[in-house]
Protein chains: 2
Amino acid sequence: MTPSQTAVRPDDAPEPTYTGPVEDYLKTIYELERATGTATTTDIAHRLAIAPASVTGMVRRLADQRLLKHEPYRGVRLTQAGQRVALRTLRRHRVIETFLARVLGYPWDAVHDEAERLEHAASDELVDRMATALDEPTVDPHGAPIPSRDGTVNDRRYASIADLPLGQRARLVCVSDDDPARLRYLAELGLTPGALVVVLARAPFEGPLSIRVGDPGRAADHAIGPALARALLVEPS
Amino acid sequence: MTPSQTAVRPDDAPEPTYTGPVEDYLKTIYELERATGTATTTDIAHRLAIAPASVTGMVRRLADQRLLKHEPYRGVRLTQAGQRVALRTLRRHRVIETFLARVLGYPWDAVHDEAERLEHAASDELVDRMATALDEPTVDPHGAPIPSRDGTVNDRRYASIADLPLGQRARLVCVSDDDPARLRYLAELGLTPGALVVVLARAPFEGPLSIRVGDPGRAADHAIGPALARALLVEPS
DNA sequence: GTGGCGATTTAGCCTAAACTAATTATCATC
DNA sequence: GATGATAATTAGTTTAGGCTAAATCGCCAC
Ligand SMILES: [Mn+2]
Ligand SMILES: [Mn+2]
Ligand SMILES: [Mn+2]
Ligand SMILES: [Mn+2]
C-alpha cells in the first residue's frame with residue numbers, strides 16, 4: 001500500500017468552483033484515463049449517458065480552461081489542474097458514500113446515486129468534517145480508495161478475479177459501484193470488500209467461473225459470468 | 001403550539017423534481033407571503049440577489065407550471081402545488097441545518113450557506129434519515145419550525161422583541177439566520193433560542209433597546225438597535 | 001385630472017449544456 | 001492505394017436562467 005503522488009497543488013490560490021457537469025466530466029475522464037490510457041469521445045459519452053456531439057462541445061470548453069488537452073480525433077488528457085479537480089470530486093464522492101453508509105445506515109447499493117449529486121453541493125469544509133467523523137477513511141463502501149485532502153491517492157492496480165490463477169487464495173478489494181441491482185446480487189453472494197475468494201474452475205470461450213467465497217468453514221460456491229468477474233478486483237493473499 | 005395545516009398533498013403522484021433556482025424562488029416567495037401578505041417582484045429580487053427583470057421571467061415560467069398565480073404589477077401568490085414544493089424545500093433546509101449543527105459540529109452561523117446548496121441535492125430519503133437520526137427535530141438551530149414529512153408546519157406568529165412591553169419576561173424563540181456575522185454577535189450576547197429576555201428600556205425615535213439576557217444570576221445587560229430587535233422573535237412567559 | 005416617480009414588465013442579448021442531422025477523419029481491409 | 005465502417009466533429013437548434021436598457025403601469029401629490 002504505497003500511496004503515490006498523482007497530482008500536486010502548485011500554489012495556494014483559491015480553487016475556483018466548477019459546475020456539476022464539469023466536475024462529472026473531469027471525474028469520468030480521470031477514471032477512463034486510468035483504466036484505458038486515454039479517454040475517447042465515445043467512452044465519455046457512454047459513461048455520462050449523453051450524445052457524443054455534446055462531449056465534443058464540452059471538451060472544447062474544458063480545453064479553453066486548461067483543464068485538459070484535446071487532440072482532435074484522438075482523445076483527451078487531463079492537465080495537472082484537471083486532475084486536481086477530478087481527484088477533489090472523487091474524494092467528495094467517496095467520503096460522502098462512506099458517510100451515508102456508516103453514519104446514516106444507507107445500503108451499499110443506494111449510496112452512489114445520492115453521492116453523485118451531493119458531491120457537487122458539499123463544501124470542502126463539509127467533506128473534511130465527514131472524513132474526520134469517520135476517522136479519515138481510506139476506502140469507500142465498494143473498496144475504492146479515497147484521495148487525501150491534498151490530492152494524493154493510492155493508485156495501485158489490482159488484478160481482476162477473471163485473471164486470478166486457479167486455486168489462488170485472494171481477498172476481494174474493490175467492486176464497481178454503478179449498478180444497484182448488481183451490488184445487491186454481490187452482497188447476496190458474500191462478495192463484499194475483504195471477502196476471501198478462490199477460483200475453482202474457469203470455463204473456456206468466455207464461460208462462467210466457479211468460485212468459492214468466504215472464510216473456511218463458512219464458504220459457499222457460486223458461478224459468475226466473465227463480465228461480472230472483470231468488475232471484481234482482488235489481491236492475492 | 002398548535003401545528004396547523006398549511007398545505008395538503010392531493011394524491012400520491014410522484015412529485016416531479018425541480019431545479020435549484022425554482023426551489024429557491026418558491027421558498028423565498030413562501031416566506032415573503034407569510035411575512036408581508038404578498039410577494040412583490042422587487043422583494044423577491046432583493047432576497048435572491050438578482051435583477052427584478054429576471055424575477056419577472058421566472059415568475060412567468062412558474063405560473064405556466066401552476067406553481068403560483070401572477071397578477072401583473074400586483075404580486076404573486078403560491079398555489080397549493082407551489083406551497084407544497086416550498087414546504088418540502090424548507091423542511092430539507094432546516095433538517096440539514098440541524099444535522100450539520102448537531103451531528104457534524106458546525107457553528108450556527110455556518111449552517112445556512114451549506115444548507116442553501118444541499119437542500120437541492122439531497123433526496124427525501126436522505127432528509128428523512130437525517131430527521132430520524134436526530135429524533136425528528138421540530139426546530140432548526142435558529143429556532144425556525146421544521147415542516148413535517150407530510151407538509152404541515154407550525155405557523156404560529158411570534159412577536160418581535162421590538163414590540164415586547166417593558167419588564168415582560170419572555171423566551172427567545174427564533175432569530176433570522178441569513179447573516180453569519182450577526183449570528184456570531186447574537187451568540188456572544190447569549191441571544192440563542194430559549195434564552196430568557198426582558199426589555200429594560202426603549203429609547204424613542206428608533207433608538208436602541210436595553211435588554212437583560214439570561215437566567216437570573218447569570219443575566220447580562222446589553223443595548224441593541226431596533227433593526228436587530230425586529231429580527232428576534234419572542235414568546236412571553 | 002395631470003405629472004411624476006418608483007415599481008414592473010418588455011425587448012433583446014448572453015452563457016452553459018444538452019440535442020439531431022450532416023459532414024469529415026481515421027483506420028483496417030481488400 | 002481505393003473503400004467502407006466507425007468514430008468524431010461541425011452546424012444549427014433548444015431550454016433554463018441570468019443580464020441591461022427601454023418602455024409602461026399604478027398611484028400619490030398637486
Ligand atoms: Mn460511487
Ligand atoms: Mn456527480
Ligand atoms: Mn437557514
Ligand atoms: Mn437554496
Side-chain angles (χ1 to χ4, degrees), chain A residues 16-29 32-33 35-78 81-82 85-86 89 116-117 119-121, chain B residues 16-29 32-33 35-78 81-82 85-86 89 116-117 119-121:
Chain A
T17 76
Y18 300 93
T19 64
V22 164
E23 289 180 338
D24 281 338
Y25 270 90
L26 295 173
K27 193 165 54 111
T28 297
I29 292 167
L32 286 172
E33 238 182 282
T36 67
T38 44
T40 69
T41 300
T42 328
D43 284 349
I44 301 168
H46 189 253
R47 283 280 208 106
L48 295 175
I50 61 184
S54 308
V55 173
T56 303
M58 177 64 98
V59 158
R60 198 170 45 70
R61 283 196 295 274
L62 297 177
D64 288 348
Q65 296 177 57
R66 318 278 153 186
L67 292 168
L68 53 76
K69 288 263 201 272
H70 183 209
E71 289 224 50
Y73 293 96
R74 280 296 156 76
V76 302
R77 292 292 286 272
L78 294 185
V85 177
T89 309
E116 199 55 60
R117 296 188 311 276
E119 65 191 352
H120 313 296
Chain B
T17 75
Y18 300 94
T19 63
V22 164
E23 290 179 338
D24 281 338
Y25 270 91
L26 294 172
K27 194 164 52 106
T28 297
I29 292 167
L32 286 172
E33 238 180 282
T36 67
T38 44
T40 70
T41 300
T42 327
D43 284 349
I44 300 168
H46 190 252
R47 283 280 208 108
L48 295 175
I50 60 185
S54 306
V55 173
T56 303
M58 176 62 98
V59 158
R60 199 170 44 71
R61 284 195 293 275
L62 296 177
D64 289 348
Q65 297 177 58
R66 317 277 153 190
L67 292 168
L68 53 78
K69 289 261 200 272
H70 183 209
E71 288 224 52
Y73 293 97
R74 280 297 158 76
V76 302
R77 293 290 286 271
L78 293 185
V85 178
T89 309
E116 200 56 58
R117 295 188 311 275
E119 64 191 352
H120 314 296

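All chains are named by letter (A, B, ...) in the order of the sequence lines, taking the proteins before the strands, and each is independently numbered beginning at 1. Source: prediction; values computed, not measured.
- Atom CD1 of A:Ile50 is separated from atom P of C:dT20 by 11 Å (rounded to the nearest Å).
- In this structure, A:Leu48 atom CG and C:dA16 atom P are separated by 18 Å, rounded to whole Å.
- Phosphate contact (OP1/OP2 of C:dC27, side-chain N/O of A:Arg74, threshold under 4.0 Å): present.
- Residue B:His70 contributes atom NE2, which lies 8 Å from atom C1' of C:dT9 at whole-angstrom precision.
- When distances run from any side-chain atom of A:Thr56 to the nucleotides C:dA18, D:dT9, D:dC19, the shortest one goes to D:dT9.
- Sequence order on DNA chain C of the closest nucleotides to B:Thr40 and A:Pro52 puts B:Thr40 first from the 5' end.
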Verdict with reasoning, B:Leu68 to B:Ile29, per side-chain contact (heavy atoms from CB on, under 4.5 Å)
CA-CA 9 Å; B:Leu68 53 78; B:Ile29 292 167; 3.7 Å; yes

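- Nucleotide C:dA17 holds its C1' atom 11 Å from the CG atom of A:Leu62, rounded to whole Å.
- Atom CZ of A:Arg117 sits in a crowded spot, with more than 12 heavy atoms from other residues, nucleotides or ligands closer than 6.0 Å.
- Ion pair A:Lys27/A:Glu119 flagged as a salt bridge, since at least one NZ, NE, NH1 or NH2 atom sits closer than 4.0 Å to an Asp/Glu carboxylate oxygen.
- If you check every strand for non-hydrogen atoms under 4.0 Å, B:Tyr25 touches sugar and phosphate atoms only.
- Between A:Arg61 and C:dA17 there is a side-chain polar atom (N or O) within less than 4.0 angstrom of OP1 or OP2.
- A sub-4.0 Å separation between OP1 or OP2 of C:dA16 and a side-chain N or O of A:Thr19 is absent.
- The shortest distance between the side-chain N/O atoms of A:Ser54 and the OP1/OP2 oxygens of C:dA17 is not below 4.0 Å.
- In this structure, B:Tyr73 places its OH atom 14 Å from C1' of D:dC27, rounding to the nearest Å.
- Taking the side chain of B:Val22 as heavy atoms from C-beta on, and the options D:dC19, D:dT9, D:dG17, the nearest nucleotide is D:dG17.
- Nucleotide D:dA7 holds its C1' atom 15 Å from the NE2 atom of A:His46, rounded to whole Å.
- Rounded to whole angstrom, the span from the CD1 atom of B:Ile44 across to the P atom of C:dA7 amounts to 14 Å.
- The number of heavy-atom neighbours closer than 6.0 Å to CZ of B:Arg77, taken from other residues, nucleotides and ligands shown, is 12 or below.
- Picking from C:dA25, C:dA11, D:dG17 the nucleotide with the shortest atom distance to the side chain of B:Ala53 gives C:dA11.
- Rounding to whole angstrom units, CZ of residue B:Arg60 and P of D:dT15 are separated by 12 Å.
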Check against side-chain contact (heavy atoms from CB on, under 4.5 Å), B:Lys69 and B:Val76:
CA-CA 6 Å; B:Lys69 289 261 200 272; B:Val76 302; over 6 Å; no

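- Nucleic acid contact for A:Thr41: sugar-phosphate only, since backbone atoms but no base atoms lie under 4.0 Å from a heavy atom of the residue.
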